[in-house]
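Everything quoted here is computed from the prediction, not taken from an experiment.
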Amino acid sequence: MKAVQLNETGRVEIRDIAVPEPEHDEILIKVAAVGINPVDWKIASGQLDQLINQPLPLTLGWDVAGEVVHAGKGYLAGDKVYGMKAIGQEGALSEYCTIKRSLLSLAPKTLDIVKAASVPMVSLTSWQALFTAGNIRRHQRVLIQAGAGGVGSIAIQLAKIMGAYVIATTSAKNRDYVLDLGADEVIDYRTSNIIDVLKDNPVDLVLESQSGEFQLEAIEVLKPKGKLVSISWIPPEIIKAAERKGVETEFVFVQYNAEHLRHITDLIDDDQLKVTISGQYHFEDIAKAYDESKQGRVRGKLVATF
Ligand SMILES: NC(=O)c1ccc[n+]([C@@H]2O[C@H](COP(=O)([O-])OP(=O)(O)OC[C@H]3O[C@@H](n4cnc5c(N)ncnc54)[C@H](OP(=O)(O)O)[C@@H]3O)[C@@H](O)[C@H]2O)c1
């Protein structure tokens with residue numbers, strides 16, 4: 001079967017490899033599609049070598065959707081499933097992949113299986129950032145950075161479902177898209193100063209994803225005892241600045257969680273959570289998909305199909 005593999009840092013190749021044999025706790029899936037996430041090309045380019053915990057070659061791609069091949073372990077052959085493999089271990093960008101049963105769930109019934117591949121990583125990240133770390137509450141004011149991206153577009157909708165007042169940052173071309181997702185206010189980060197806009201009406205929670213100076217600005221626009229939840233990384237000087245201001249900080253690294261994904265699946269099937277796919281690539285064009293993701297301008301998600 002074909003697989004997209006990292007053979008050495010910076011070298012991604014399509015190779016013929018054997019169809020994997022599932023271990024006792026694993027399920028074999030015929031892959032329909034794999035969601036593209038920035039972590040894919042960051043690992044491929046060596047920026048996140050520390051996350052690779054097996055010798056190369058490494059099959060890339062950790063968000064997956066497809067069909068169960070053999071009945072057993074709670075699934076029927078042909079069941080449509082989706083899940084998230086452990087980032088940095090053998091991935092899913094291949095015609096077939098094995099995945100631990102504990103990292104897999106039935107896919108939403110109402111969502112095309114290719115679209116479903118885009119869901120797990122960004123929705124679990126949003127869930128864990130807003131609910132687990134952020135402890136978001138009804139009527140709180142929440143600032144979501146990069147509202148048009150994979151994480152942001154889900155986070156806006158989840159925060160609205162929770163009853164929060166949502167302010168999202170984006171560039172002008174994505175303003176209407178972000179408002180359609182439910183944001184109450186949009187700040188064009190290219191033309192507006194976040195502190196000027198929010199200093200007189202601060203927020204309870206910030207979801208930050210792009211690192212850089214926005215973290216310092218976020219601290220300035222948080223209420224006392226508010227919280228900065230980062231999915232990029234929080235350097236020590238930011239932690240100190242936050243302590244001085246009396247606001248909390250927490251870095252979140254996404255983990256598969258079956259219960260969280262079950263809630264996400266229900267929200268999609270209840271038509272409360274929308275998924276946007278702005279680009280679909282055949283796996284042989286994976287380099288083009290990674291190049292588009294690297295530009296940092298993706299609206300919603302990209303997927304690679306088999
Ligand atoms: N810690 C974790 O567990 C975890 C999990 C998932 C993702 N992440 C990280 O979080 C980041 C975002 O992930 P993603 O999947 O959402 O990325 P993405 O989909 O590639 O984000 C693209 C979006 O970011 C927006 N954007 C770019 N620069 C911006 C800025 N300075 N301010 C506001 N918006 C900006 C763009 O909108 P415009 O074109 O309008 O600018 C675009 O729509 C990545 O670095 C990723 O590696 C971390």
**Item:** side chain to side chain contact (heavy atoms under 4.5 Å, CB included) evaluation trace for Ile52 with Asp49
**Value:** CA-CA 6 Å; Ile52 300 180; Asp49 269 351; 4.0 Å; yes
**Prompt:** Can a salt bridge be assigned to the pair Lys227 and Asp204 using a cut-off of 4.0 Å between side-chain N and carboxylate O?
**Reply:** no
**Asked** If only atom types and distance count, is the side chain of Asn7 paired as donor or acceptor with the main-chain N or O of Pro57 below 3.5 Å?
**Response** no
**Item:** Polar contact flag, side-chain donor to acceptor under 3.5 angstrom, Glu90-Gln54
**Value:** yes
**Item:** Single-linkage hydrophobic cluster, 4.5 Å side-chain cutoff, Ile144 and Ile195 together
**Value:** yes
**Request:** Check for a donor-acceptor pair, side chain of Asp40 on one end and backbone N or O of Asn37 on the other, with a separation under 3.5 Å.
**Result:** yes
**Prompt:** So, Tyr177 and Thr276: side-chain donor and acceptor under 3.5 Å apart, yes or no?
**Reply:** yes
**Asked** Looking only at atom types and distance, does a side-chain atom of Glu217 sit under 3.5 Å from a main-chain N or O of Glu220, one as donor and one as acceptor?
**Response** no
**Prompt:** Just by distance, do the side chain of Arg299 and the backbone of Lys173 share a donor-acceptor pair under 3.5 Å?
**Reply:** yes
**Sub-4.5 Å side-chain heavy-atom contact between Leu205 and Leu130** = yes
**Non-hydrogen atoms of Ala164 and Val142 that approach each other most closely** = CB-CG2, 3.8 Å
**Prompt:** Do the side chains of Phe253 and Val39 join up, straight or via other hydrophobic residues, at under 4.5 Å, putting them in one cluster?
**Reply:** yes
**Complete:** For Lys160 and Tyr165 the tightest heavy-atom approach is NZ-CA, 4.5 Å
**Request:** Check whether any side-chain N or O of Ser126 sits under 3.5 Å from a backbone N or O of Val151 as a donor-acceptor pair, and report yes or no.
**Result:** yes
**Prompt:** Is Ser94 reaching over with its side chain to a backbone N or O of Tyr96, donor-acceptor style, under 3.5 angstrom?
**Reply:** yes
**Prompt:** Do Asn174 and Ser171 come close enough that some side-chain heavy atom pair is under 4.5 Å?
**Reply:** yes
**Asked** If you group Ile, Leu, Val, Met, Phe, Trp and Tyr by side-chain heavy-atom gaps below 4.5 Å, do Leu228 and Val197 land in one group?
**Response** yes
**Message:** Under a plain distance cut-off of 3.5 Å, with no hydrogens placed, do Glu292 and Tyr281 share a side-chain donor-acceptor pair?
**Reply:** yes
**Prompt:** Do Gln128 side-chain atoms and Gln255 backbone N/O form a donor-acceptor pair below 3.5 Å?
**Reply:** yes
**Request:** Using the rule that two of Ile, Leu, Val, Met, Phe, Trp, Tyr join whenever any of their side-chain heavy atoms come within less than 4.5 Å, decide whether Leu93 and Ile14 are in one cluster.
**Result:** yes
**Message:** If you define the side chain from C-beta out and look only at heavy atoms, does anything of Thr59 sit under 4.5 Å from Cys97?
**Reply:** no
**Request:** Answer yes or no: is there a side-chain heavy-atom contact under 4.5 Å between Tyr75 and Arg101?
**Result:** yes
**Message:** Is there a continuous path of hydrophobic side-chain contacts, each under 4.5 Å between heavy atoms, that joins Leu28 to Leu104?
**Reply:** no
**Asked** Does a side-chain heavy-atom distance below 4.5 Å link Ile277 with Asp112?
**Response** no
**Item:** Closest contact, heavy atoms only, Phe214 versus Val206
**Value:** CE2-CG1, 3.8 Å
**Request:** Nearest 0.5 Å please: distance from the CH2 atom of Trp62 over to the CG atom of Leu60.
**Result:** 5.0 Å
**Asked** Within the distance-only criterion (no hydrogens, no angle test), does the side chain of Gln145 pair as donor or acceptor with the backbone N or O of Ser209 below 3.5 angstrom?
**Response** yes
**Prompt:** Does any non-hydrogen side-chain atom of Gln215 lie less than 4.5 Å from one of Thr249?
**Reply:** no
**Message:** Looking at every non-hydrogen atom in both residues, tell me the closest pair between Met84 and Pro120 and how far apart they are.
**Reply:** CB-CB, 4.1 Å
**Asked** Where the side chain of Asp25 meets the backbone of Lys100, is there a donor-acceptor pair that is under 3.5 Å apart?
**Response** no
**Message:** Quick check: do Glu208 and Ser232 have side-chain heavy atoms less than 4.5 Å from each other?
**Reply:** yes
**Message:** Treating Asp63 as the side-chain partner and Met121 as the backbone partner, does any N or O pair qualify as donor plus acceptor under 3.5 Å?
**Reply:** yes
**Complete:** Sorted by chain and residue number, the ring-ring contact (aromatic ring centres under 6.0 Å, His included) partners of Phe251 (sequence neighbours excluded) come out as none
**Prompt:** Taking atom types as modelled and ignoring hydrogens, do the side chains of Ser102 and Tyr256 form a donor-acceptor contact shorter than 3.5 angstrom?
**Reply:** no
